[in-house]
Amino acid sequence: MSEQRDEREAYDVVATQDKWRKVWEELNPFQALDDGSKERRYALTMFPYPSGDLHMGHAEVMALHDVIARFWWQQGYDVMNPIGWDSFGLPAENAAIKRDEHPATYTYANIETQAESFKRYGISFDWSRRLHTSDPEYYRWTQWLFLRFRERGLAYRKFSPVNWCPNDQTVLANEQVVQGMCERCGAEVTKRELSQWYFKVTEYAQRLLDDMRQLEGKWPDRVLAMQRNWIGRSEGAHVVFEIEGHGPVTVFTTRPDTLFGATFFVVAADAKLAAEIVTDEQRPAFEAYLDEVRKATDIDRLSTERPKTGVFLGVHATNPVNGERIPVYAADYVLADYGTGAIMAVPAQDARDWDFAKAFDLPIVRTVQPPADFPDEAFTGSGPAINSANDEVSLNGMDVPEAKSTIIAWLEGKGLGNGTVNFRLRDWLLSRQRFWGCPIPIVHCPSCGEVPVPDEQLPVVLPDLRGADLKPKGTSPLAAAEEWVTVDCPSCGGPAKRDSDTMDTFVDSSWYFLRYCSPDYTDGPFDEEAVRNWMPAHQYVGGVEHAILHLLYSRFFTKVLHDMGMVDFVEPFTALLNQGQVINGGKAMSKSLGNGVDLGAVLDEFGVDATRLTMVFAGPPEDDIDWADLSPGGSLKFLQRAWRLSGDVTSEAGADVSTGDVALRKVTHKTVHEAAQLVESHRFNVMVAKIMELVNATRKAIDSGPGGADSAVREAVEAVAIMLSLVAPYTAEEMWERLGHQPTVAKAGWPAVDEALLVEDEVTAIVQVQGKLRAKLQVSPAISAEDLQAAAMADENVVRALEGKTVRKVIVREPSLVNIVAG
RNA sequence: GGGCGAGUGGCGGAAUUGGCAGACGCGCUGGCUUCAGGUGCCAGUGAGGGCAACCUCGUGGGGGUUCAAGUCCCCCCUCGCCCACCA
């Protein structure tokens with residue numbers, strides 16, 4: 001049994017890694033050709049933030065992403081699979097303060113560590129396209145884009161209440177406030193009034209919504225749903241109410257049909273309007289209330305169970321449809337920055353208005369007829385309009401849509417309102433009071449005002465600040481860098497000051513995928529032809545945490561660049577794959593739980609290939625994977641098993657496969673055919689299962705079939721090596737070499753499928769009696785319905801099941817099924 | 001409160017249009033190899049019954065459509081995620 005000793009032979013996982021890394025670095029197989037000789041494919045993965053070394057999450061997303069990129073290479077495409085770093089940001093700045101050094105020190109050291117880890121991890125990146133958003137050569141063009149946006153009126157400055165994170169000492173975009181907390185550090189967000197820069201995303205709201213049609217079916221439904229939700233389009237009307245002693249005030253409503261039921265009027269307590277219209281008599285009460293509201297955080301406001309509060313402002317508004325005088329209140333259940341910050345309150349048809357009316361004992365008039373047994377509460381459903389008529393128009397009896405259009409037409413005719421669309425989406429606040437970001441290329445001049453830094457003076461480079469100089473003080477650390485801030489006005493030459501805020505890092509990441517197409521381009525942010533060649537990216541892989549932040553901003557940037565004539569598409573990412581999280585023991589890995597798994601230790605113990613295989617085989621890529629449920633040891637065992645096959649092939653490389661064992665050849669070709677489809681539909685775990693089946697079949701063929709000398713065995717093992725190269729590149733390379741081939745297996749090409757070998761010459765037909773399985777027959781795929789039925793009826797098990805029964809009906813689906821109904 | 005998604009062996013998960021439920025793997029059990037452990041190899045492994053051929057039940061629960069339902073329809077339960085005073 002010396003053969004068995006041979007089978008126990010194993011290869012040294014780690015030594016193999018070192019060996020092949022050197023070979024790959026020499027061959028440089030994954031640099032995009034970019035010469036038009038092959039069809040191009042752009043495989044994009046969300047670039048990492050350089051905090052520390054790679055962790056399990058990176059290992060998972062990169063393993064999945066690389067299956068696609070490597071598959072494309074095998075399919076013969078010219079693949080661009082670039083890597084870079086989103087290298088501006090707070091953690092580096094905080095580390096720099098703690099260590100009394102420059103943020104760049106921490107940042108670039110981590111980048112080197114991560115780059116080294118990616119190389120060890122065997123991801124097929126094109127390293128020649130590497131970029132870092134904190135390099136002046138990169139952020140020069142971030143600044144350039146900002147200026148172009150500003151020229152188009154899409155970047156503007158305004159003084160208004162903003163979200164403020166007291167911990168990070170900076171403002172935040174709406175998208176970065178989650179449940180009233182800072183998305184990054186979890187601190188409770190407060191409000192501040194500041195003059196800040198915004199991108200006018202709202203101008204693109206409708207297009208961001210409409211163009212999602214192109215993404216249907218290619219992006220996860222939930223991401224599209226989240227974006228739709230975030231954009232928050234609602235159709236309704238603007239209606240003008242006259243407020244005594246003040247003038248006309250417009251409200252937004254989605255239910256203009258209920259206008260006759262408006263019995264009071266509410267203004268957001270923190271809106272300017274409230275302070276403007278309040279009477280002197282009511283002012284003290286109002287100001288006391290406003291104080292209360294200001295103290296309450298968003299967290300308090302989030303509780304919908306909270307009783308309604310408010311204060312009468314001493315004035316009345318006139319309902320334009322019936323001339324009724326209704327009282328005006330200030331309340332915090334109306335939001336200052338949604339719609340117009342004021343509403344008409346229709347308690348009979350709105351639950352919030354109902355609660356307020358009950359709390360303040362205000363009248364309630366039903367204008368939509370609820371069902372007979374409807375309880376004493378707001379009726380938000382549909383029914384015929386009632387109590388809704390004036391001398392000129394009557395809605396009575398109309399259903400909701402008809403009543404809406406009728407009253408809108410009447411309002412428009414009177415100049416009292418109009419049909420309109422409102423969005424929940426707000427403009428993107430991009431200023432940050434932090435150091436480690438892209439400087440805003442604007443100079444503030446006492447005589448010229450806001451002056452853009454001329455293009456030829458870009459980039460505005462960050463000064464050399466470190467340590468204590470970076471400590472957050474509520475204003476940007478840049479403001480304290482006197483020499484840097486003080487500058488001659490580019491317009492008049494007089495003394496002026498630079499804008500001392502930096503940009504949100506999401507600005508940096510809104511266009512990096514374009515820069516990859518021509519990373520060294522110096523005449524603009526990107527070479528338009530290179531972008532035409534590669535974009536839109538065919539596949540984007542990354543976490544769902546960016547469902548509305550990065551992905552919405554990138555879509556916005558792309559549309560603006562399209563309008564500028566710089567790109568010829570409106571959506572940047574054709575397809576999106578959101579991988580799940582790696583968790584441990586049912587919970588997210590965290591320091592406080594102490595359930596973190598160290599990637600380095602896993603790689604040391606099981607090797608890169610087994611780790612990658614474990615991630616890919618765990619389940620569908622979108623699902624979370626629980627490390628506690630997985631078996632990297634099992635993966636390693638499989639890889640050794642696959643590798644051993646290559647040692648049992650005794651035929652020569654290039655042997656004529658057509659004479660090989662047909663049964664094994666059929667399994668090989670079927671597997672290769674299915675595996676390609678499974679990769680395309682992102683069912684990587686099933687693809688791995690199919691490779692395992694082929695390995696098992698090949699093992700059997702060697703040990704108890706035609707044997708290792710049969711050319712079909714060679715064909716099978718070569719197919720295993722090529723398919724395995726998508727997941728376990730080192731093992732595949734080692735197998736390929738043992739099979740007598742030159743590196744690299746990554747470019748060997750996907751095996752050609754012989755259609756003739758996909759045709760089965762026997763299929764299993766199922767015979768059911770009353771829908772229950774009673775027999776299986778091996779039949780020809782070309783069998784006739786009559787023959788199949790006859791064979792089924794003749795089966796001894798079927799005969800027994802039919803004993804004493806009369807056959808009523810027979811369903812035949814040749815060649816696979818017969819169902820006999822009897823009774 | 002609203003929206004979306006999911007519930008399949010001890011576990012992760014397969015089952016493309018309704019047509020063999022449980023592929024593949026982990027774990028477990030028995031055996032071979034071994035001084036021994038591990039590795040490796042062989043066999044078994046949804047539940048219940050039977051010496052066996054086989055039989056009955058079985059995809060969260062209930063109902064329905066169909067010759068046939070994990071898959072389609074209705075109701076309910078549970079879990080997950082997202083949004084949440086958005087007028």
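In the text below, chain A, chain B and the rest are named by the order of the sequence lines, each starting its count at 1.
Remark: the A:Ser780 side chain and the A:Glu762 side chain contain no N/O donor-acceptor pair separated by less than 3.5 Å. A:Glu693 and A:Thr671 share no side-chain donor-acceptor pair at under 3.5 Å. The closest side-chain donor-acceptor pair between A:Ser388 and A:Thr367, if any, does not fall under 3.5 angstrom. Counted by atom type alone, A:Arg800 and A:Asn797 present one or more donor-acceptor pairs between their side chains at under 3.5 Å.
At the heavy-atom level, A:Ser681 lies nowhere under 4.0 Å from the strands shown.
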Identify all pairs in which a protein N or O lies below 3.5 Å from an N or O of nucleotides 44-54 of chain B, and state each distance.
none

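With both ends at atom C1', the span from B:C67 to B:G80 equals 38 Å, rounded to whole Å. Taking the C1' atom of each, B:G18 and B:C81 are spaced 30 Å apart, rounded to whole Å. For the C1' atoms, the distance linking B:G70 with B:G9 amounts to 14 Å, nearest Å. Taking the C1' atoms as reference points, B:U8 lies 14 Å from B:A69, given to the whole Å. Separating the C1' atom of B:C79 from that of B:G60 is a span of 11 Å, rounded to the nearest Å. Going from the P atom of B:A36 to that of B:A23 covers 34 Å, rounded to whole Å. Separating the P atom of B:G13 from that of B:G49 is a span of 31 Å, rounded to the nearest Å. Rounded to whole Å, the separation between the C1' atoms of B:C77 and B:C24 comes to 32 Å.
Atom pair A:Phe684:CZ and B:A14:P shows a separation of 13 Å (rounding to whole Å applied). In this structure, A:Phe638 places its CZ atom 20 Å from P of B:G13, rounding to the nearest Å. Here B:A68 presents its C1' atom at 10 Å from NZ of A:Lys809, a figure rounded to the nearest Å. Taking atom NZ of residue A:Lys700 and atom P of nucleotide B:C41, one finds them 12 Å apart after rounding to whole Å. When the C1' atom of B:C82 is taken as reference, atom CG of A:Leu549 falls 13 Å away, rounded to whole Å. Atom CZ in A:Arg424 sits about 12 Å away from atom C1' in B:G2, given to the nearest Å. The CD1 atom of A:Ile583 sits 12 Å away from the C1' atom of B:G12 (whole-angstrom rounding). Look at CG on A:Leu645: it is 14 Å from P on B:G40, rounded to the nearest Å.
By the 6.0 Å contact criterion, CD on A:Glu235 is open, its count of non-hydrogen atoms from other residues, nucleotides or ligands being 12 or less. Counting heavy atoms of neighbouring residues, nucleotides and ligands inside a 6.0 Å radius, atom CD of A:Glu674 exceeds 12 of them.
Between A:Gln677 and A:Gly341, it is A:Gln677 whose nearest contact on RNA chain B lies nearer the 5' terminus.
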Practice item. For each nucleotide in nucleotides 3-8 of chain B, reading 5' to 3', give B when a protein heavy atom comes within less than 4.0 Å of its base, S when such contact involves only the sugar-phosphate, and - otherwise. Key: ------

Practice item. Would you mind building the protein contact string for nucleotides 17-26 of chain B? One character per nucleotide, 5' to 3', B for base within reach (heavy atoms under 4.0 Å), S for sugar-phosphate only, - for untouched. Key: --BB--BBSS

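Taking a cutoff of 4.0 Å between a charged side-chain nitrogen and a carboxylate oxygen, A:Asp648 and A:Arg644 do not qualify as a salt bridge. For A:Arg774 and A:Glu803, the salt-bridge test fails: no basic side-chain N is under 4.0 Å from an acidic carboxylate O.
Judged by distance alone, with hydrogens and angles left aside, the side-chain atoms of A:Tyr289 form a donor-acceptor pair with the main-chain N or O of A:Asp332 at under 3.5 Å. The backbone N or O of A:Ala822 sits less than 3.5 Å from a side-chain atom of A:Gln770, completing a donor-acceptor pair. Here the side chain of A:Lys404 pairs a donor or acceptor atom with the backbone of A:Thr254 at under 3.5 angstrom.
Applying the 4.0 Å criterion to OP1 and OP2 of B:A87, one finds that A:Tyr333 has every side-chain N and O outside that range. Side-chain nitrogen and oxygen atoms of A:Lys772 include at least one within less than 4.0 Å of the OP1 or OP2 phosphate oxygen of B:C57. One finds no side-chain N or O of A:Arg683 lying less than 4.0 angstrom from the OP1 or OP2 phosphate oxygen of B:U16.
For A:Pro620, the listed nucleotide lying nearest its side chain is B:G13; candidates were B:U16, B:A87, B:G13.
Note that CZ of A:Phe265 and CD1 of A:Ile343 are 8.5 Å apart. Values are rounded to the nearest 0.5 Å. Rounding to the nearest 0.5 angstrom, the gap separating the CZ atom in A:Phe264 from the CZ atom in A:Phe356 is 6.0 Å.
Annotated as syn: B:G9, whose O4'-C1'-N torsion sits within 90° of 0.
For A:Phe638, there are no ring pair (Phe, Tyr, Trp, His ring centres under 6.0 Å) partners two or more places apart in sequence or in a different chain.
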Show every donor-acceptor pair shorter than 3.5 Å between a side-chain atom in residues 417-428 of chain A and any protein atom, with sequence neighbours excluded, or say none if there are none.
| from | atom 1 | to | atom 2 | distance (Å) |
| --- | --- | --- | --- | --- |
| A:Asn422 | ND2 | A:Tyr338 | OH | 3.2 |
| A:Arg424 | NE | A:Asn229 | O | 3.4 |
| A:Arg424 | NE | A:Trp230 | O | 3.4 |
| A:Arg426 | NE | A:Arg424 | O | 2.8 |
| A:Arg426 | NH1 | A:Asp337 | OD1 | 3.3 |
| A:Arg426 | NH1 | A:Asp337 | OD2 | 2.9 |
| A:Asp427 | OD1 | A:Val201 | N | 3.1 |
| A:Asp427 | OD1 | A:Thr202 | N | 3.0 |
| A:Asp427 | OD1 | A:Thr202 | OG1 | 2.6 |
| A:Asp427 | OD2 | A:Tyr156 | OH | 2.5 |
| A:Trp428 | NE1 | A:Asp504 | OD2 | 3.1 |

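In RNA chain B, runs of at least 3 stacked Watson-Crick or G-U pairs (N1-N3 plus N6-O4 or O6-N4, or N1-O2 plus O6-N3, all under 3.5 Å) give these stems: B:1-7 with B:77-83, B:10-12 with B:24-26, B:27-32 with B:40-45, B:46-49 with B:54-57, B:60-64 with B:72-76.
The aromatic rings of A:His546 and A:His550 stand perpendicular to each other, their planes meeting at an angle above 60°, with 30° marking the opposite boundary.
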